[in-house]
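I have placed the structure first, in the form of structure tokens, so that the comments after it can refer back to it.
Worth knowing before you read on, the calculation uses all heavy atoms, side chains too, and leaves out hydrogens, waters and symmetry mates. Numbers restart at 1 for each chain; the letters A, B, ... are given by sequence-line order, proteins then strands.
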Number of protein chains: 2
Amino acid sequence: MEARHANEPARLDRIGTTTSNPGVGERQRERIIRAATVVFSRKGYDGARVEAIARKAGMPKGNVLYYFKSKKALYRVVIKQVLSLWLEALGNVAVDGNPEEAIRQYVNRKLALSRNHPEASRLFAMEVISGAPIINDHLSGELRRWVEEKGRVFKKWQEEGLMAKIDPAHAFFMIWAVTQTYADFEAQIQAVTGAKDYDQEIYSDAAGEVVDALVRGLGLKRDQGSSLQSA
Amino acid sequence: MEARHANEPARLDRIGTTTSNPGVGERQRERIIRAATVVFSRKGYDGARVEAIARKAGMPKGNVLYYFKSKKALYRVVIKQVLSLWLEALGNVAVDGNPEEAIRQYVNRKLALSRNHPEASRLFAMEVISGAPIINDHLSGELRRWVEEKGRVFKKWQEEGLMAKIDPAHAFFMIWAVTQTYADFEAQIQAVTGAKDYDQEIYSDAAGEVVDALVRGLGLKRDQGSSLQSA
DNA sequence: ACCTGAATTGACCGAATGGTCAACTTTACC
DNA sequence: GGTAAAGTTGACCATTCGGTCAATTCAGGT
């Protein structure tokens, strides 16, 4: 008992040596995080039971508390991982090239995130709805700066008449709202559409129209000089 | 102890008689519901403490359980009230008159709902994110029928070239997503914009642009024969 | 074979919480 | 003013849950 409760990724040294496998407990740790993400996203922090997480991860409760010193500590790790996923996908909006193509790509990437990580999306949503007690600093720090930076590009586009005059921040809010809704409100969309295969019918079939509507709503124009096509 | 645990609005008979005031405990009941809406919307079902609700309603815990036989029963009452608020605001989309004006009005009404009842919006969101365990039937029943009905009108508009070709259901999903985001993700929007006065800066100042963007995105045209103006 | 530390597990504990209850107060009606 | 029901309150109970711990097993190094 020495590596106990280390919230960092644990020692990744001596990787590749014959004897030391790629992190004995590292695999466990990841299984726990994955299970916790699912449970937290459905039940919220208080509703989630440590034992439920343990069962989903296929191990006794005690083992979960062996790797994470407390439920709260586990939650922090999970939510920060989710946040970094969010910011990462946000990361690169191709500000050069034509505006339409750039945003279209961005929206699609965001939509793919909702599709491939719906639990992460829901967990993030729950955090924010609860007042973002844990990630507030990140929102008013990193995220805010990121929006300001990209916002300047939007302003330029708007001056060139390539984008509708709308507060850049709110343009992002619109995009985020629409893309996240497909993960967060899946239950509602499922109920209303009666889709048999959500993934197929919603993301594959209908998403295209929605992206078009967003691009149209933001009044994005194809830059004259550009040659990239949206396929 | 006879009217105990009656989940209905309780006897509203003999209203107006001198002696019987307008529902002695009826006022209490409403205070509890209002308090519960706030607490549930921030903490989720499991995170909400009965005692916290009681404190916010200004009475001891025992009193809350006197009016509602259990926490779960209280939750059901609260969430159903929220749902009816939702459906009520959904109720009338003026399908006659010009499409642009109709939707503009609808979006504005929905936005007002987020503004005036942010807790209700958040609670609704939490329910859905959790898989809508309680209101699922309503979603796949009432709401679904409502969307189908209004959807037919959208189809007609689309055939007349007054609206962009987009699955009507998804048009609604877009509208709901954008309008709800201002209530549900208030913490994020607050953090990113740094707004001093959320209500003013967001709803009064910025909302207009967003409504415009939505209308534009859905490709809504002003019907020729109509004379109504959007002010 | 032996040793050492990591990992696993189930029993156990204390705190917190939903819910009950019995005593008490207020209100409405004769 | 008497009475019965409605409403109020705090003490109390049973359960659940997060977290601890000691006992045990497992893996790698010598």
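The NZ-P distance, from B/K72 to D/dT16, rounds to 13 Å in whole Å. Per the geometry, OH belonging to B/Y66 stands 14 Å off C1' belonging to C/dA22, to the nearest Å. In this structure, the CZ atom of A/R31 is 15 Å from the P atom of C/dA7, given to the nearest Å. Here the P atom of nucleotide D/dC13 and the CG atom of B/L65 are 17 Å apart, to the nearest Å. One atom, CZ of B/F68, and another, P of D/dT8, lie 12 Å apart when rounded to the nearest Å. A straight line from CZ of A/R27 to P of D/dC26 spans 18 Å, rounded to a whole angstrom.
A/W176 pairs with exactly one of A/W86, A/Y106, A/F124 by the ring-ring contact (aromatic ring centres under 6.0 Å, His included) rule, that one being A/W86. When B/I79, B/V64, B/V50, B/L65 are each tested for a side-chain contact (heavy atoms from CB on, under 4.5 Å) with B/L74, only one passes: B/V64.
Taken residue by residue, residues 49-58 of chain A places no heavy atom nearer than 4.0 Å to DNA chain C.
The aromatic rings of A/Y75 and A/Y45 sit perpendicular, their planes meeting at an angle over 60°, well past the 30° parallel limit. Between A/F173 and B/Y182, the ring planes are perpendicular. Angles over 60° get that label, and only those under 30° would be called parallel.
Comparing A/Y45 and B/M59 along DNA chain D, the residue whose closest nucleotide (by nearest heavy atom) sits nearer the 5' end is B/M59.
The minimum heavy-atom distance linking A/I32 with A/A57 is given by the pair CA-CB, 4.2 Å.
Side-chain N or O atoms of A/S204 include none that pairs as donor or acceptor with a backbone N or O of A/E201 at under 3.5 Å. Looking only at distances, a side-chain donor or acceptor of A/E209 sits under 3.5 Å from a matching main-chain atom of B/D167.
Distance from the side chain of A/Q28 is smallest to C/dT8 among D/dA6, C/dG18, C/dT8. Distance from the side chain of A/Y67 is smallest to C/dA7 among D/dG19, C/dG19, C/dA7. Among D/dT9, C/dT9, D/dT20, the nucleotide with an atom closest to any side-chain atom of A/N63 is C/dT9. Listed candidates were D/dT8, C/dG19, C/dT8. Nearest to the side chain of B/K61 is C/dG19. For B/K71, counting side-chain heavy atoms from C-beta on, the closest listed nucleotide (C/dA6, C/dG18, D/dT8) is C/dG18.
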